[in-house]
Amino acid sequence: MRFPDGFGWGAATSAYQIEGAAKEDGRGESVWDTFSHTPGRIRNGDTGDVAADHYHRYAQDLDLMRDLGLRSYRFSISWPRIQADGSGRPNQRGLDFYRRLVDGLHERDIAPMATLFHWDLPQALQDAGGWENRDTAERFAEYADAVFHALGDQVPVWLTVNEPKTVVQNGYIFGHHAPGFRDEDAAYLVAHHLQLAHGLAVRALRASGLTGRIGPALNLHPCYPADDSAEAAAATKLHDGYENRLYLDSIFKGAYPQDVLDDRGPDSRLVRGVRDGDLKIISSPVDLLAVQYYTPIYVTGDGSTVRKWPTSEAEWQQIYPEGMYDILTRVTRDYGRVPITITENGLPCPDVPGADGNVDDAGRVSFLRDHFAAAHRAIGDGVPLESYHVWSLLDNFEWAEGYEQRWGLVYVDYASQRRVLKRSAHWYRDVIRRNGL
Ligand code: GCO
């Protein structure tokens with residue numbers, strides 16, 4: 001099974017999950033600093049203060065990437081490193097770190113792919129209303145502009161907002177991610193402002209005169225009816241609206257899905273918050289779509305969800321490689337042949353080094369093999385998929401789960417910060433070398 005020549009095999013991380021160095025070189029606080037330091041929010045009271053200490057060990061981590069043969073590395077830029085309180089003159093020391101990282105990638109022939117926002121909103125902006133405040137989208141465009149000017153000559157691909165849906169659902173509906181609210185009406189206004197931020201960043205890149213490509217990073221969930229009833233079919237359609245079309249239709253069709261708007265109602269903060277011209281901004285043409293696929297969703301007639309497949313250590317994740325094929329082909333069918341990159345796919349495994357020091361994550365190898373095969377089949381059926389980033393390069397801070405779940409190709413011994421290539425990393429290196437399975 002061979003992939004197209006030049007296929008971009010890669011791995012992904014995000015700033016708060018790996019960097020540590022929470023107080024260094026002028027970095028300000030983000031909502032995740034606040035949230036993780038709030039007792040009871042994170043498993044075992046873990047925080048990202050040190051994480052995988054990547055801020056100090058990035059050179060060694062770059063060497064690991066080279067040893068793996070990665071062709072692409074997707075990372076995120078920490079907004080509070082660039083603007084400690086979310087506005088004003090950029091912090092040169094923060095920019096310098098990413099400059100060193102990007103230069104180091106080029107020296108090793110690895111293409112950088114930079115995400116502008118992976119959830120670490122400067123706390124000062126949260127104090128001013130966060131994503132409920134429309135002004136935050138404007139602040140984001142200014143921050144993006146500063147980053148484009150500092151790094152744009154060396155970064156070929158930009159991703160705007162990582163998984164807006166997760167901020168909406170986990171941050172504002174369920175409350176188990178920062179900022180930890182439970183306010184559904186606010187949540188969908190937040191969705192709009194995150195989308196607006198995305199569109200304004202796309203425009204800022206175009207206005208900069210730089211040649212880089214840019215797109216959104218969306219976690220998409222194929223939704224299936226849990227049974228054959230008409231009720232389940234109808235509930236699945238609306239569920240798909242909330243999970244997928246709310247973000248895809250706005251960006252690629254310039255309109256929010258009517259069924260979701262109707263379901264929110266005319267008095268909702270979402271419907272009242274959309275101003276003339278907003279959808280024009282949100283649907284500013286993008287160069288690519290980044291898809292993150294982890295799990296399918298099965299919907300019953302009453303709109304609740306059920307599981308059909310075994311889960312990983314993450315109880316929300318059912319292992320279903322066909323879902324990868326379904327979501328990729330569906331996006332191409334419904335939204336046209338925009339180039340696609342997979343920016344996340346992976347699973348947590350119970351990774352423990354054996355007596356010989358090796359980490360035998362056989363489950364990750366078979367998971368990745370099956371998902372690569374599904375992606376390959378989608379390419380064969382016409383999906384313009386150009387790259388694939390495994391989540392994650394390193395074990396890291398898995399948000400509310402702290403350090404308990406290990407998602408990396410590379411094991412991190414947090415006490416010593418020693419890195420060990422897991423069996424899956426060795427296997428992946430061979431996949432990349434052969435450009436296939
Ligand atoms: C994301 C993801 C990552 C997670 C991964 C495993 O939004 O990009 O949430 O940050 O660590 O998806 O849950």
Side-chain angles (χ1 to χ4, degrees), residues 10-19 30-32 35-36 42-43 46-48 51-52 54 73-79 113-121 131 158-174 176-179 190-191 194 197-198 215-221 243-244 247 289-297 311-320 323-324 327 341-351 361 363-364 367-368 371 388-410 412 424:
T13 62
S14 89
Y16 189 69
Q17 294 180 274
I18 64 166
E19 286 179 358
S30 83
V31 293
W32 271 96
F35 193 73
S36 66
I42 312 292
R43 193 182 291 273
D46 291 340
T47 74
H54 171 76
Y73 174 54
R74 181 218 175 194
F75 61 98
S76 84
I77 293 171
S78 157
W79 187 347
M113 183 182 281
T115 308
L116 291 163
F117 180 69
H118 202 123
W119 308 347
D120 42 3
L121 184 74
W131 292 110
W158 298 97
L159 303 174
T160 54
V161 174
N162 176 72
E163 296 191 1
K165 181 173 68 185
T166 308
V167 177
V168 171
Q169 295 183 350
N170 291 356
Y172 280 84
I173 298 178
F174 307 125
H176 54 246
H177 278 188
V190 164
L194 285 163
H198 155 81
L218 304 179
N219 54 330
L220 301 177
H221 290 81
E243 292 287 340
N244 303 313
Y247 306 93
L289 166 66
V291 174
Q292 322 203 145
Y293 170 72
Y294 287 99
T295 188
I297 295 179
T311 64
S312 72
E313 281 193 334
E315 40 75 36
W316 52 266
Q317 181 180 33
Q318 301 175 62
I319 300 181
Y320 185 60
M324 171 71 89
I327 201 69
T341 170
I342 292 166
T343 39
E344 290 185 23
N345 171 245
L347 87 173
C349 292
D351 301 327
D361 57 341
R364 181 169 289 107
F367 176 97
L368 291 175
H371 285 76
Y388 197 126
H389 303 79
V390 173
W391 184 271
S392 178
L393 176 68
L394 302 168
D395 290 341
N396 61 48
F397 177 78
E398 176 58 14
W399 309 113
E401 302 300 329
Y403 295 100
E404 204 156 278
Q405 292 179 1
R406 292 182 173 272
W407 290 76
L409 294 161
V410 176
V412 176
S424 60

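Remember, it's 1-based here, ligands and their atoms both numbered in the order they're listed.
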query: Looking only at N/O atoms, are His118 and ligand 1 under 3.5 Å apart anywhere?
result: yes
- prompt: If you measure from the Lys or Arg side-chain nitrogens to the Asp or Glu carboxylate oxygens, is any gap between Glu344 and Arg74 under 4.0 Å?
  reply: yes
message: Check contact between Asn162 and ligand 1, using heavy atoms of the residue and a distance below 4.0 angstrom.
response: yes
query: Tell me, which protein residue and heavy-atom name are nearest atom 12 (O) of ligand 1, and how many Å apart are they?
result: Tyr294 OH, 2.9 Å
message: Between Asp351 and Arg364, does any side-chain N to carboxylate O distance fall below 4.0 Å?
response: yes
task: Decide whether an N or O pair under 3.5 Å exists between Trp119 and ligand 1.
output: no
task: Quick one: do Gln169 and Glu163 satisfy side-chain hydrogen bond (donor to acceptor under 3.5 Å, both in side chains)? Show the steps, please.
output: CA-CA 10 Å; Gln169 295 183 350; Glu163 296 191 1; over 6 Å; no
- prompt: What residue and heavy atom of the protein are closest to atom 8 (O) of ligand 1, and at what distance?
  reply: Glu344 OE2, 2.2 Å
- request: Run the contact test for Phe397 against ligand 1 with a 4.0 Å cut-off on heavy atoms, strictly below, and give the result.
  value: no
message: List ligand 1 atoms under 4.0 Å from Trp407, heavy atoms only on the residue side.
response: 6 (C), 13 (O)
statement: Heavy-atom closest pair (Asn345 atom, Ile342 atom, distance to 0.1 Å) is CB-CG2, 4.2 Å
- prompt: Can you tell me the protein heavy atom closest to atom 6 (C) of ligand 1 and the distance?
  reply: Glu398 OE2, 3.2 Å
message: Less than 4.0 Å is my threshold; does some heavy atom of Gln317 fall inside it relative to ligand 1?
response: no
query: Based purely on interatomic distance, does Thr166 place a nitrogen or oxygen under 3.5 Å from a nitrogen or oxygen of ligand 1?
result: no
query: Within the structure, does Asn396 bring an N/O atom to less than 3.5 angstrom of an N/O atom in ligand 1?
result: no
task: Compute the ring centroids of Phe35 and Trp119, then answer whether they are less than 6.0 Å apart.
output: no
Donor + acceptor pair across side chains of Thr166, Asn219 (<3.5 Å): yes
task: Answer yes if the side chains of Tyr16 and Ser76 hold a donor-acceptor pair under 3.5 Å, and no otherwise.
output: no
query: Strictly by modelled atom types, are Gln292 and Thr343 linked by a side-chain donor-acceptor pair under 3.5 Å?
result: yes
query: Trp316 heavy atoms, cut-off 4.0 Å: which ligand 1 atoms fall inside?
result: 13 (O)
